[in-house]
Amino acid sequence: MKGYNPSAIEEKWQKIWEEKKVFKVKSDPSKPKYYVLEMFPYPSGRIHMGHVRNYTLGDIIARVKRMKGYNVLHPMGWDAFGLPAENAALKQGIHPAKWTYSNIDYMRNQLKKLGFSYDWDREFATCDPEYYKFEQRFFIEMFERGLAYRKKTLVNWCESCQTVLANEQVEDGKCWRCGEEVQMREMEGWFLKITAYAEELLSDLEKLRGHWPEKVLVMQKNWIGKSEGAEIDFYIPELDKNLTIFTTRPDTLFGVTFLSLSPEHPLALEIAEKKGFKEKLLEFRERVRRERKKIEEGVAEKEGFFLETYAVHPFTKEEIPLYTANFVLMEYGTGAIMCVPAHDQRDFEFAKKFGLPIKVVIQPKNKELKPEEMEEAYEAPGIMVNSQEFTGLESEEGKKRVIDKLESLGLGKRKITYRLRDWGVSRQRYWGCPIPIVYCEKCGIVPEKKENLPIKLPLDAQIDSKGRSPLPHLKEFVETFCPKCGGKARRETDTFDTFVESSWYFARFTCPDYPEPFNPEDTEYWLPVDQYIGGIEHAILHLLYARFFTKVLRDLGYLKLDEPFSNLLTQGMVIKETYRCPKHGWIYPEEVSPEGTCLRDHCGEKVIIGKPEKMSKSKCNVVDPDVMIKKYGADTVRLFIAFAAPPEKDLEWSDHGIEGAYRFLKRIYNLFEEYVEILKKINYKEEELKNLSGKALKLRRKLHQMVKKVHQDFEERFHFNTGIAAIMEFVNYLQDSLKELDSSEEINQKLLKEVFEKLLLCLSPVCPHICEELWERLGKNTFISEASFPTWEEDLLKEETFILVVQINGKVRDQIEVPSGISKEDALSLVRGLPKVQKYLEGKTIRNVIFIPEKLVNIVVS
RNA sequence: GCCGGGGUGGCGGAACUGGUAGACGCGCUGGAUUCAGGAUCCAGUGGGAGAUAAUCCCGUGCGGGUUCAAAUCCCGCCCCCGGCACCA
């Protein structure tokens, strides 16, 4: 016996699949389509277990859908722009492009070793001008429609990295790359008007309900953060100007005791200049900017000061003092608020600190609020009091009526505000897609002509030693001519946030070589993505941006769909146990002795076994996919990953567990070796197997039951772990029955042929190489990768007998094998004859008998 | 604090619409094979009482409830994980 040799088998089939282009697809309207997509990777250098899990899940789905007769689109590519390439350039002196492309080559090879059924002809990298030129075109069209604009705003700035950072790149107020304290800086940059789609992005979440994880829907909903309220004008006589504020609680309007402006508010500056405390305001503004992170975390003290100015209450005409306060954000609402200390905790704290009055205007039903006794604001709804004609109204009704009156007097209006901000896409980085804009001395901001695209990122740039973008210093890039007037102009040197590339790649995969952005025939056939799979960490950013882009591309006339991803599966992390030495910190598993002591530097300290955590180098708990593939083969790795946990849950990597998966495949392989020579020449027709009896019938029934279960778990539920368990259970059963089944009998050989074929077919989506190999050795001259999902005979599934559970008063007391379809009466008379049952019935009266067909009988006695 | 998801053997996890809790795998124990180890195979494996038997009791985070029957449904509570959190 030669035994199972995964590396030989896997290499062989990967080569054949590639040569024969088994997974190449074309649009074919005569066939139902299925588009399965996994979030494409950033080419960081090597794939990790998280990728392997993501792509294994996708590949199983792709293979199952192919077996079910779908025309399956399953592409792969590279999210290839990004900062790590520049870091590598800095550290290792390799050009970002070279670094990126060589990583891609390496990682492509790694993916190929896993046997994923991608149509590799569709592969692209987003750093390719042939890809990003369309992105530049979209941007220009967005600019033309006012969906892309330039503005000055507060951004996160890292001085040492010389760039703006995205919010998610700021950790604890520090730069994720160098640890430098991030500053808030006012800068100009490009923004995409995602807020114009806020309402649609919110309401379309309804369409995704039931198809996306509830968690993701909720996160997006919160992120968009719709709130309904009113904008109210407070007149400032001294300036003869209105201050407009936003509130969601117009019912508390009569409780206003002061107004607060953000220190960034233009009116605050105007007042400060007029009153001669400009310096004080600017100082305050600076301090607030510095402490912005703290403020956002809610740990900063309330601070601010009186602006020595008053506004007029729209209804009471009272004088209301104006303050500036650190907790008022310029970017939300109007940058100014009305403060009702009795009914808003923040205002309450501010009022207490500055000795401002507290005025109760909402009374709860069960108690009476008294300002002097209050220790916190009462924020819940109640009955309006001290509110002129509104007194006595419920909060909800009051809100409406107050706004109605404001509107009728022209002092305010209904307003919906979103928490969502426009998407800042400018990055002061080199390794990204150039923003196709030119600054002309005469014409100002001018978009490039579309025929000049792509604006190529110059590849001959040298990254400077401080990691700054070289683009502003590259004369041949910067110095250009105005597309409008032909005069001298400067090119924009910022590049796009890399989330832009990943916002539309799924659509380009349908027609990667088409000279225009999209071929309608392809996009209309393949889109939307039927199943999207990726990590939960993209729950908001990437998924929201991609949804936004889809709607924009629709409105620009490129696509005909509202939502890009019909179904979303967010897979859990791959985690592993951690080891920690009191002296050395995190240590590798090899550094732990069998006695549980630390072996590093012969240290001998007792090692603390930590809970399983996300694999990371710093915690010394990474498992390298390459090492696992080399040791066990891709099929084993795939099997373990699919078996160890359901897709959405975290998967704990276990060295023992993967051994178990390997063992299973070896068992299957050895089993086949034993029979394959005989079975190779056997042919059978399903009708020939209809009249089996005894052991053979039972085996065949188990087979068909297994096929059905695998079908349900793989195709309908994506519960690969239980489907695989069913296959394992069947193999256990098969090995038992083979001991008693005479394999020299022809009919049994025919049965075994069916058994082995269907078994391989069921396992093939998970472990394609070994199944392809054994399929061939079973005498097949087709690819199992192109075979159909096995069928099962529904009639055969029914057992002739079943185990009837016998309960007395709801407790299981006995079981008895009875014919299927047994009636209540027959079952009861059988059951009453059982000695155990008789024991329990002695001296009791039967009060009730519950009979669940094919399941149990429950005798209720007193 | 708010929102979402969970709590089942020594471990990962099954149990789909209430109907034998613990499938499958890991680990562990015993046995076979082996000079030995590994690998492989066979048997056992929720806890407790009992003699290793028959048998019985207890068991799905905790406390109640509905039901002939609850991991599953209802009410109250505890704990864990994830997200959000001065957004007016």
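Letters A, B, ... are given to chains in the order of the sequence lines, protein chains preceding strands, and every chain is numbered from 1.
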What nucleic acid atoms does [X] come within less than 4.0 Å of, heavy atoms only: base, sugar-phosphate, or nothing?
X	answer
R847(A)	nothing
K836(A)	sugar-phosphate
E729(A)	sugar-phosphate
G333(A)	nothing
Q712(A)	nothing
V849(A)	nothing
F718(A)	nothing
S227(A)	sugar-phosphate
P646(A)	sugar-phosphate

Counter-base of [N], judged by Watson-Crick or G-U geometry with both distances under 3.5 Å:
N	value
G44(B)	C28(B)
G18(B)	none
U66(B)	none
A36(B)	none
G1(B)	C84(B)
G59(B)	none

Phosphate contact ([N] OP1 or OP2) by [X] side-chain N/O below 4.0 Å:
X	N	result
R717(A)	A15(B)	yes
K221(A)	C2(B)	no
R813(A)	U55(B)	no
N670(A)	U40(B)	no
R663(A)	G27(B)	yes
Y662(A)	C26(B)	no
S654(A)	C11(B)	no
N732(A)	G25(B)	yes

Can you tell me how far [atom2] of [N] sits from [atom1] of [X], to the nearest Å?
X	N	atom1	atom2	value
L420(A)	A85(B)	CG	P	13 Å
M728(A)	C24(B)	CE	C1'	7 Å
H656(A)	C24(B)	NE2	P	20 Å
D251(A)	A88(B)	CG	P	14 Å
L544(A)	G83(B)	CG	P	17 Å
K811(A)	A70(B)	NZ	P	10 Å
R249(A)	A88(B)	CZ	C1'	11 Å
I727(A)	A14(B)	CD1	P	16 Å

### Task
Enter syn or anti for the glycosidic conformation of G59(B), syn applying to angles within 90° of 0.
anti
### Message
Given Y632(A), which partner from the list Y662(A), F640(A), F664(A) fulfils the ring-ring contact (aromatic ring centres under 6.0 Å, His included) test?
### Response
Y662(A)
Expressed in whole Å, how much space separates the [atom1] atoms belonging to [N] and [M]?
N	M	atom1	value
A69(B)	C58(B)	P	15 Å
U40(B)	G6(B)	C1'	40 Å
A15(B)	A71(B)	P	16 Å

### Task
Would you mind telling me which residue lines up with the more 5' stretch of RNA chain B, Y332(A) or N809(A), judged by nearest nucleotide?
N809(A)
### Task
Select from E214(A) and A725(A) the residue whose nearest nucleotide in RNA chain B is closer to the 5' end of that strand.
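Closest to the 5' end, via its nearest nucleotide, is E214(A).
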### Query
Between F720(A) and F718(A), what is the ring plane arrangement, given parallel below 30°, perpendicular above 60°, and tilted in between?
parallel
### Query
Mind checking whether F254(A) and H313(A) have parallel, tilted or perpendicular rings, split at 30° and 60°?
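Correct class here is tilted.
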### Query
Ring centres of F258(A) and F350(A) under 6.0 Å apart?
yes
### Task
Applying side chain to side chain contact (heavy atoms under 4.5 Å, CB included) between L830(A) and each of V857(A), V837(A), I822(A), report the one that passes.
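Going through the options one by one, the only one that passes is I822(A).
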### Query
Looking at V710(A), I668(A), I724(A), which one forms a side chain to side chain contact (heavy atoms under 4.5 Å, CB included) with L763(A)?
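Of the listed residues V710(A), I668(A), I724(A), the side chain to side chain contact (heavy atoms under 4.5 Å, CB included) partner of L763(A) is I668(A).
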### Query
Is any side-chain N or O of N858(A) under 3.5 Å from a base N or O of C68(B), one able to act as donor and the other as acceptor?
yes
Looking only at the side chain of [X] (C-beta and beyond, no hydrogens), which of the listed nucleotides [options] gets closest?
X	options	value
T722(A)	C84(B), A88(B), A15(B)	A15(B)
R419(A)	C42(B), C84(B), G19(B)	C84(B)
Q815(A)	A14(B), U20(B), G19(B)	U20(B)
L856(A)	A88(B), G19(B), G83(B)	G19(B)

### Task
Considering non-hydrogen atoms only, spot the tightest contact between Q345(A) and E376(A) and give its length.
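Closest pair (atom of Q345(A), atom of E376(A), distance): OE1-CB, 3.3 Å.
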#### Entry: Heavy-atom side-chain proximity of M374(A) to V360(A) below 4.5 angstrom
yes
### Query
Taking the side chain from E231(A) and the backbone from R414(A), do they hold a donor-acceptor pair closer than 3.5 Å?
no
